[in-house]
Amino acid sequence: FDARVNYLTSMGDLVYAVSPRLSFSLGGRGMIVRRRSRVLVGVDAYSARGDMQYRTSRRSTLGVDYDFTHFRFTRSFGQSDIHSAAFNLAFQLGRYWTLALRAGGARVETLGLRRVAVDPIIAAITGIGYGVEVFYRLNYVPAGGVKLSRAWRRSTISFNGEMGVSPGNGIYLTSRHQSGGFGYSHTAFRRWNFGISGNYTSYSSLSESIGRYRGYNAGGGVSCQLTSWMHLVTRYDARRYDIGRSDFRRIFHSASIGLAFSPGELPLSLW
């Protein structure tokens with residue numbers, strides 16, 4: 001889907017620490033996605049979330065979270081409401097490794113359009129074999145994730161996996177989403193940072209009978225701190241797209257260079 005995508009997103013969170021062990025947080029997010037191609041669907045979305053975290057010991061934290069998200073699609077009739085809740089557990093393995101787990105589920109209500117076969121007698125009269133009807137669907141899907149990370153003085157490495165619900169990619173609308181990947185970042189010579197990453201993503205539509213979408217990505221980049229607040233950032237990525245039950249196979253290459261503005265004493269870390 002080599003088409004321009006314009007998006008705007010904003011988010012905010014408020015964290016209140018009741019004690020050194022107990023904390024609560026509330027947050028929200030808004031997102032607008034518009035795609036240049038007229039055959040691809042855009043989305044307006046907003047969400048509200050909250051969680052509670054309790055530090056059970058020096059090395060472990062237990063918590064729960066709740067999230068409500070609303071998707072409304074443009075250039076296509078349809079919308080989705082997602083309620084998700086999960087338990088969280090994070091603990092430190094030894095001196096350097098940290099493991100975070102999240103396990104729960106999501107309730108997904110979807111309203112949209114689907115193509116249906118017309119009665120053969122009506123089709124013989126009108127010459128039209130298919131029609132379009134509004135449908136409502138309720139799904140319950142698992143939601144959660146896992147992240148394992150380690151930090152050194154100048155380097156970090158992490159591995160992660162996640163499953164949940166996504167607004168899709170313009171063709172796949174409300175979908176079950178699965179992803180996994182890794183990232184490594186190293187800061188050298190005080191002003192330079194080097195990073196590599198790779199990930200896998202898949203979508204399974206919750207409202208359409210189409211094949212599974214799979215995407216693979218690998219890349220790396222370099223950032224250089226020019227001043228205390230300006231960074232030069234370069235990156236190269238290669239992506240492969242596959243769609244089940246079709247002959248769609250594509251490898252996409254991209255290279256970018258730009259400026260990033262962020263105050264701090266170290267160069268930006270790349271993932």
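Hydrogens, waters and symmetry mates play no part in the numbers below; they use all other heavy atoms, side chains included.
- The closest donor-acceptor contact from the side chain of Thr9 to the backbone of Gly30 lies under 3.5 Å.
- Remark: side-chain polar atoms of Thr227 are paired, donor with acceptor, to backbone N or O of Trp229 under 3.5 angstrom.
- In summary, the side chains of Arg150 and Tyr96 do not present any donor paired with an acceptor at a separation below 3.5 Å, with no hydrogens or angles considered.
- Connection of Val5 to Leu40 is not established within any shared hydrophobic cluster, with ILVMFWY side chains joined at heavy-atom distances below 4.5 Å, either directly or through further cluster members.
- Around the CZ atom of Phe77, the shell of radius 6.0 Å holds more than 12 heavy atoms that belong to other residues, nucleotides or ligands.
- Classification of the His186-Tyr184 ring pair by plane angle, with boundaries at 30° and 60°, yields parallel.
- Note: the hydrophobic cluster containing Phe73 does not contain Tyr172 (ILVMFWY, side chain heavy atoms under 4.5 Å, direct or indirect links).
- Within a 6.0 Å sphere centred on CZ of Phe189, other residues, nucleotides and ligands contribute 12 heavy atoms or fewer.
- The number of heavy atoms from other shown groups lying within 6.0 Å of CG (Leu138) is above 12.
- Remark: Arg59 is not positioned above the aromatic ring of Phe91, lacking an NZ or CZ atom under 6.0 angstrom from the ring centre and at most 45 degrees off the axis.
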Could you walk me through whether Asp13 and Arg49 satisfy the salt bridge (charged side-chain N to carboxylate O under 4.0 Å, His left out) test, starting with their C-alpha distance in whole Å, then the side-chain angles of each, then the deciding distance to 0.1 Å, before giving a yes or no? CA-CA 9 Å; Asp13 289 276; Arg49 61 182 176 271; 2.8 Å; yes
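- Between Asp65 and Arg102, at least one side-chain N (NZ, or NE/NH1/NH2) sits under 4.0 Å from a carboxylate O, which counts as a salt bridge.
- The backbone N or O of Val41 sits less than 3.5 Å from a side-chain atom of Arg35, completing a donor-acceptor pair.
- Tyr46 and Phe68 have tilted rings, their planes meeting at an angle from 30° to 60° on a 0 to 90° scale.
- Listed for the His231 side chain is a donor-acceptor partner under 3.5 Å among the backbone atoms of Ser262.
- When all heavy atoms are compared, the tightest approach of Arg235 to Gly219 is NH2-C, 3.9 Å.
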